[in-house]
Amino acid sequence: MNGGYFDSIALTLYFVLSVLVPISLYSAGLLFGERKPSKEKNMSFECGQVPVGKAHLRVTVHYYPYALIYGTFTAFAILMLISAPGLANLELETMKFGFIGLPFIMTLVLAMVLIAASLALKRARLWGS
Amino acid sequence: MIELSFAEIVELILKVLIFPGVAFPLLFAVIVIWFERKFLARIMLRIGPLHVGPFNRTGLLQPIADFIKLIQKEIIVPENAYKFLYNLAPILAALVASLSVAFIPYAPKPDGGYWVIFYTPLSLLVILAIFTARPFIMVGAGWASNSKYCTIGALRAALQLLAYEVPIVLSLASIVIMSRSFDLSRIIESQSSIWFIVLQPIGFIVILISMMAELSRRPFDIPVAEQELVFGWPTEYTGTQFALVMVSEYYDLCAVASLITLFFLGGWMGPAIPFIPPMLSGIIWFLLKMAIVTVVIIMGRGIYPRLRIDQLLDAGWTVLIPLATIQILITLVTAQWWLPLVGGG
């Protein structure tokens, strides 16, 4: 049977090994690899041109709406996932009273999410571009 | 004091070291890298790897030769990079990618347990949590490299992976509604009479597409697009660090193929193979289905052109999320018809 300290030992061993494998690969590279650093080699790669300035670009405001929609839809998705195990039985319970309750409620929640997302998008368009 | 019997020690070593432990994802990576090169070559009317290895014109040992070459290469850290994070990211990527295998059950054991490294009734949530950690590593690596291509690649990776997490969670919700459990082994057992691919065809398509996007494989390889970004967020990595990034990609492929098999293709379910114990035949069925899923995922790289980033994001938000929601609605409305078909619960 599963469970108890047996599984914990297995997971701990597996974790330690999966830390050790990449570290040993990395150190093998350090150990057996060449080491002749030069200025050209250590430049960051820009197809042969000498890199100028910092590479840390600012994130443009165009991406902001996506963050907003992500927030709203993730809330909906997590709500669905966490309540999922009981939903089928709940649906059968409501069926006894002769109406399809859960899909109706779900569509309602979804409508709210869509309204929230579209409001956020409108707001962001005013803001951006 | 912890005491283990001899059989338990053997099981522990088998699980942790061989299957599904350390050796299995590594072997999977080596075999799939070889197969992918050969398969893509045939699609493009080339021959592919040829000379290395025992049999004539197969190039069987090409991945191992490549790996030995990569060990001999210099590990270059660009002069502007944040050295600690830059060196840590490939190790973390490989670690996180290999962790998810520990929670996937591959076969039922004769004593009523499952062939899995760590059993938990919430394994689906654990796997989702592990998957959520990946964008942070990509963004961290791209940011720490302090190179323009890496930064743009990291940004694209973050956008793409976030956009496609929502449809994955939504389609998983409709699977959990059917199996009524977050336990991965329970999800397989509830498919004992009928596989979920028959009951949830829309969910299967959504998961297949979004998982391919999560892996950033060909039609969706925008974060690592060679023609635009050299190699995207891992551009600056060389030698074994590059090998680690590649291996972590194939670890992820291994986990994703296992998960799709488990969610939709009935996992270890299959007719008993004569003269083979049921646990072993379960593992064989699991690996066979996994191989088919892997081939389908790899085939995308040979036959589809790459999408643009705006096409990809629009498809995610306006097609896949509504489809996944429709699947949940259908699942709920038809509850009284599928409930007798689904075992477990």
Side-chain angles (χ1 to χ4, degrees), chain A residues 1-3 5-11 13-15 17-19 21-23 25-26 28-30 32-37 39 41-47 51 54-57 59 63 66 69-70 73-74 76-78 80-81 84-89 91-92 95 100 102-103 106-107 110, chain B residues 2 8 12 15-16 21-22 71-76 78-80 90-91 94-95 98-99 102 111-114 116-119 145-149 151 155 159 162-163 166 169-170 172-173 176-177 180-182 230 235-236 239-241 243-244 313 317 321 325 328-329 332-333 335-336 339:
Chain A
M1 286 298 282
N2 295 97
Y5 60 83
F6 181 67
D7 271 20
S8 311
I9 297 172
L11 186 66
L13 270 178
Y14 182 67
F15 185 80
L17 282 174
S18 26
V19 173
V21 168
I23 286 181
L25 275 182
Y26 175 59
L30 283 183
F32 299 113
E34 287 271 314
R35 209 172 304 166
K36 289 178 193 157
K39 187 142 180 33
K41 212 190 267 179
N42 288 351
M43 273 190 230
S44 46
F45 184 80
E46 276 186 25
C47 305
K54 278 187 83 173
H56 287 164
L57 320 164
V59 182
Y63 291 125
Y66 287 115
I69 325 175
Y70 177 71
F73 274 101
T74 313
F76 174 66
I78 290 174
M80 285 314 297
L81 184 69
L87 280 186
N89 289 331
E91 170 66 14
L92 285 190
M95 292 284 275
I100 303 174
L102 266 184
M106 203 193 116
T107 345
L110 190 66
Chain B
I2 298 165
E8 277 181 323
L12 199 70
K15 263 184 192 172
V16 172
V22 179
I71 284 186
Q72 295 168 344
K73 295 284 174 186
E74 179 175 352
I75 291 179
I76 300 173
E79 52 190 0
N80 293 329
I91 295 173
L95 170 67
S98 58
L99 267 189
D111 65 354
Y114 301 98
V116 54
I117 292 179
F118 188 81
Y119 175 83
S145 307
N146 206 350
S147 157
K148 278 156 197 153
Y149 292 115
T151 316
L155 256 181
L159 268 178
L162 289 183
V166 182
V169 172
L170 280 175
L172 289 187
V176 176
I177 290 175
R180 284 157 288 159
S181 170
F182 289 119
V230 190
T235 299
E236 299 286 350
T240 42
Q241 288 185 321
L244 279 175
L313 291 177
W317 292 113
I321 292 180
T325 321
I328 296 182
L329 278 174
L332 278 179
V333 173
Q336 48 180 339
L339 262 177

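Predicted, not measured: the structure shown is a model, and the values here were computed from it. Chain letters run A, B, ... following the sequence lines, proteins first, then strands; residues in each count from 1. The figures here come from the full heavy-atom set of this structure, side chains too, leaving out hydrogens, waters and symmetry mates.
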Given a strict heavy-atom distance threshold of 4.5 Å, which part of [X] is in contact with chain A: side chain, backbone, both, or neither?
X        : answer
B:Glu236 : side chain
B:Thr235 : side chain
B:Ser147 : both

Please report the closest heavy-atom contact between [X] and [Y], naming both atoms and the distance.
X        : Y       : answer
B:Thr240 : A:Gly29 : OG1-CA, 3.4 Å
B:Val169 : A:Ile78 : CG1-N, 4.5 Å
B:Phe182 : A:Pro85 : CE1-CG, 3.6 Å
B:Gln241 : A:Tyr26 : NE2-CE1, 3.4 Å
B:Ala173 : A:Ala84 : O-CB, 3.5 Å
A:Ala10  : B:Leu12 : CB-CD1, 3.6 Å

Atom pair [atom1] ([X]) and [atom2] ([Y]), whose distance is rounded to the nearest 0.5 Å:
X        : Y        : atom1 : atom2 : answer
A:Met80  : B:Leu172 : CE    : CG    : 12.5 Å
B:Ile117 : A:Leu13  : CD1   : CG    : 9.5 Å
B:Lys15  : A:Ile9   : NZ    : CD1   : 11.0 Å
A:Ile23  : B:Ile91  : CD1   : CD1   : 5.0 Å

Contacts of B:Thr325 meeting side-chain contact (heavy atoms from CB on, under 4.5 Å) (sequence neighbours excluded), chain-then-number -> A:Phe76, A:Met106, A:Leu110, B:Leu170, B:Ile321
Those residues at least two apart in sequence (or on a different chain) that pass side-chain contact (heavy atoms from CB on, under 4.5 Å) with A:Phe15 are A:Val19, B:Leu95, B:Leu99
Of the listed B:Glu79, B:Glu74, B:Lys148, the one with the largest count of heavy-atom pairs under 4.5 Å with chain A is B:Glu74
Exercise. Got a donor-acceptor contact below 3.5 angstrom from the A:Tyr70 side chain to the B:Val166 backbone?
Worked result: no
